[in-house]
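Computation of the quantities below employed the complete heavy-atom set of this structure, encompassing side-chain atoms and omitting hydrogens, waters and symmetry-equivalent molecules. The structure presented is a predicted model; accordingly, all values stated were derived computationally and were not measured. Along the sequence shown, residues carry numbers from 1. Numbering of ligands and ligand atoms starts at 1, following listing order.
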Amino acid sequence: MPDWSAYRGVLVYIEHREGIAKKVGWQLLGQGKRLADKLEVEVMALVIGHNVGQLAEEAITYGADRVFLVDAPELKDYRTYPYSRASMKVIHEVKPEIVLFGATATGRDLAGAIATHLPTGLTADTTELDVEPHPSRLLQASRPAFSEKMMATILCKQYRPQMATARAGVFEALPKDPSRKGEIVQIDFQIQESEIAAKVLDFIQDQSKINLEEAEIIVAGGRGLGGPEPFKMLQELADALGGVVGASRAAVDAGWIKHEHQVGQTGYTVRPKLYFAIGISGAVQHTVGMQNSDLIIAINRDPDAPIFKVAHYGIVGDLFQIVPAITEEVRSRKG
Ligand code: FAD
């Protein structure tokens with residue numbers, strides 16, 4: 001292997017929308033710190049945008065030892081060209097051995113552009129990240145492969161930095177600690193608006209889309225619901241709790257609900273504060289996507305359903321009786 005001793009440290013890209021960070025950035029900082037500790041280096045954060053100094057401060061509270069802040073008016077909205085140039089400037093100057101991004105639409109776009117230009121290797125959509133210790137210091141980036149039937153661990157031996165995108169919800173953020181100390185490094189970055197082909201004219205939020213990855217409460221239903229109609233009952237419980245509706249693949253494949261609601265290996269990986277698994281048996285392909293939720297409540301009429309092995313609370317019974325009763329109770333407590 002070439003001598004990569006000039007490359008040290010783990011850099012994590014902090015994705016945000018209008019200054020509000022996506023959870024995946026903090027989760028990756030937590031995992032970045034675990035990798036950095038093994039390699040005995042620092043974990044660093046990359047914050048790009050306009051008037052986003054508070055995000056750099058916040059990155060320190062989530063574990064960053066150093067934060068590289070690229071702040072310019074041309075960086076107000078995400079656009080591939082200026083963001084990839086700004087990222088590459090930081091990567092060239094700092095020379096991290098590992099760079100991590102959330103496997104979001106933006107993270108995938110940005111990481112792909114950077115990896116192509118540097119050039120270096122990029123493992124997309126990882127679900128496990130580890131490192132070999134010194135001297136190889138290789139990032140072991142694992143992801144499902146061959147139609148999700150196997151896990152592949154991918155190494156990048158010939159290029160630096162080693163890059164990966166990782167799914168939201170897979171890794172755990174460190175607890176926010178406002179007393180944590182770190183350094184913020186301002187990076188001078190100049191770009192002319194005329195150099196950037198893409199112009200953002202307006203930003204229109206798609207209200208119809210749900211955001212499972214960022215949701216704090218998920219009420220998920222499976223084949224036990226028996227059809228699309230009972231999902232309305234789940235929506236009522238989700239509305240009463242201020243959550244969103246999730247689903248198993250069986251429910252999605254049956255056409256009862258859209259794929260954007262699917263939790264699991266081929267859906268979203270989620271880590272909400274509260275996860276209801278209703279009429280879901282608990283197949284491993286489902287549980288890998290939700291087992292890290294803070295609190296799991298399962299409702300199933302089969303007392304031997306595997307979902308009860310991952311649930312903190314289990315209710316054995318008919319969901320058609322139990323769900324409306326819980327909704328009623330939540331509503332009455334809210335007054
Ligand atoms: P079932 O296994 O049929 O379970 C239904 C449950 O409802 C049963 O436990 C039953 O006791 C209960 N029930 C029925 N009626 C009632 C009632 N009235 N009251 C209470 N309980 C009731 N699955 C996913 O979810 N997400 C994925 O991302 C995913 N990816 C996959 C990828 C691959 C490569 C493969 C091979 C499979 C994948 N699967 C995935 C499918 C997975 O293996 C299961 O088939 C699926 O999760 C089962 O969904 P389910 O639990 O809703 O249905």
Contact check: Ala283 vs ligand 1, nitrogen or oxygen atoms, below 3.5 angstrom = no
Based purely on interatomic distance, does Ala305 place a nitrogen or oxygen under 3.5 Å from a nitrogen or oxygen of ligand 1?
-> no
Side chains of Glu213 and Asn211: is there a donor and an acceptor less than 3.5 Å apart?
->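 Absent: no donor and acceptor within the cut-off.
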Any side-chain donor-acceptor pair under 3.5 Å between Tyr83 and Asp109?
->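 No - no donor-acceptor pair under 3.5 Å links their side chains.
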Contact atoms of ligand 1, heavy-atom distance to [X] under 4.0 Å:
X: Asp318; result: 17 (C), 18 (N), 19 (N)
X: Val263; result: 24 (C), 25 (O), 26 (N), 27 (C), 28 (O)
X: Phe320; result: 18 (N)
X: Gly317; result: 19 (N), 20 (C)
X: Gly222; result: 52 (O)
X: Thr266; result: 27 (C), 28 (O), 29 (C), 30 (N), 31 (C), 32 (C)
X: Gly264; result: 26 (N), 27 (C), 28 (O)
X: Asp302; result: 11 (O)

Starting from [atom], what is the nearest protein heavy atom, named by residue and atom, and what distance separates them?
atom: atom 52 (O) of ligand 1; answer: Ser248 OG, 2.6 Å
atom: atom 4 (O) of ligand 1; answer: Ser281 CB, 3.2 Å
atom: atom 8 (C) of ligand 1; answer: Asn300 ND2, 3.7 Å
atom: atom 43 (O) of ligand 1; answer: Gln285 OE1, 2.8 Å
atom: atom 14 (C) of ligand 1; answer: Gly224 CA, 3.4 Å
atom: atom 3 (O) of ligand 1; answer: Arg223 NE, 2.7 Å
atom: atom 22 (C) of ligand 1; answer: Arg301 CG, 3.8 Å
atom: atom 7 (O) of ligand 1; answer: Gly279 O, 3.1 Å

Quick one: does Ala247 get a heavy atom under 4.0 Å from ligand 1?
-> no
Ligand 1 contact by Gly267, heavy-atom criterion under 4.0 angstrom = yes
All side chain to side chain contact (heavy atoms under 4.5 Å, CB included) counterparts of Ala111, not counting sequence neighbours = Phe101, Leu122, Met163, Thr165
For Arg34, check side chain to side chain contact (heavy atoms under 4.5 Å, CB included) against everything at least two apart and list the hits.
-> Gln31, Glu172, Leu174
How many angstroms lie between atom [atom1] of [X] and atom [atom2] of [Y], to the nearest 0.5 angstrom?
X: Arg79; Y: Leu110; atom1: CZ; atom2: CG; answer: 13.5 Å
X: Met151; Y: Thr153; atom1: CE; atom2: OG1; answer: 6.5 Å
X: Phe68; Y: Ile187; atom1: CZ; atom2: CD1; answer: 6.0 Å
X: Phe276; Y: Ile296; atom1: CZ; atom2: CD1; answer: 12.0 Å
X: Ile48; Y: Leu55; atom1: CD1; atom2: CG; answer: 11.5 Å

Considering only NZ, NE, NH1 and NH2 on the basic side and carboxylate oxygens on the acidic side, decide whether [X] and [Y] come within less than 4.0 Å.
X: Arg108; Y: Asp125; result: yes
X: Glu236; Y: Lys232; result: no
X: Lys23; Y: Glu214; result: no

Heavy-atom proximity to atom 48 (C) of ligand 1, best of Pro144, Ala250, Gly221 = Ala250
For atom 32 (C) of ligand 1, which of His259, Arg249, His286 has the closest heavy atom?
-> Arg249
Given side chains that start at C-beta, do those of Ile60 and Glu183 come closer than 4.5 Å, heavy atoms only?
->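 No, too far: nothing below the 4.5 Å cut-off.
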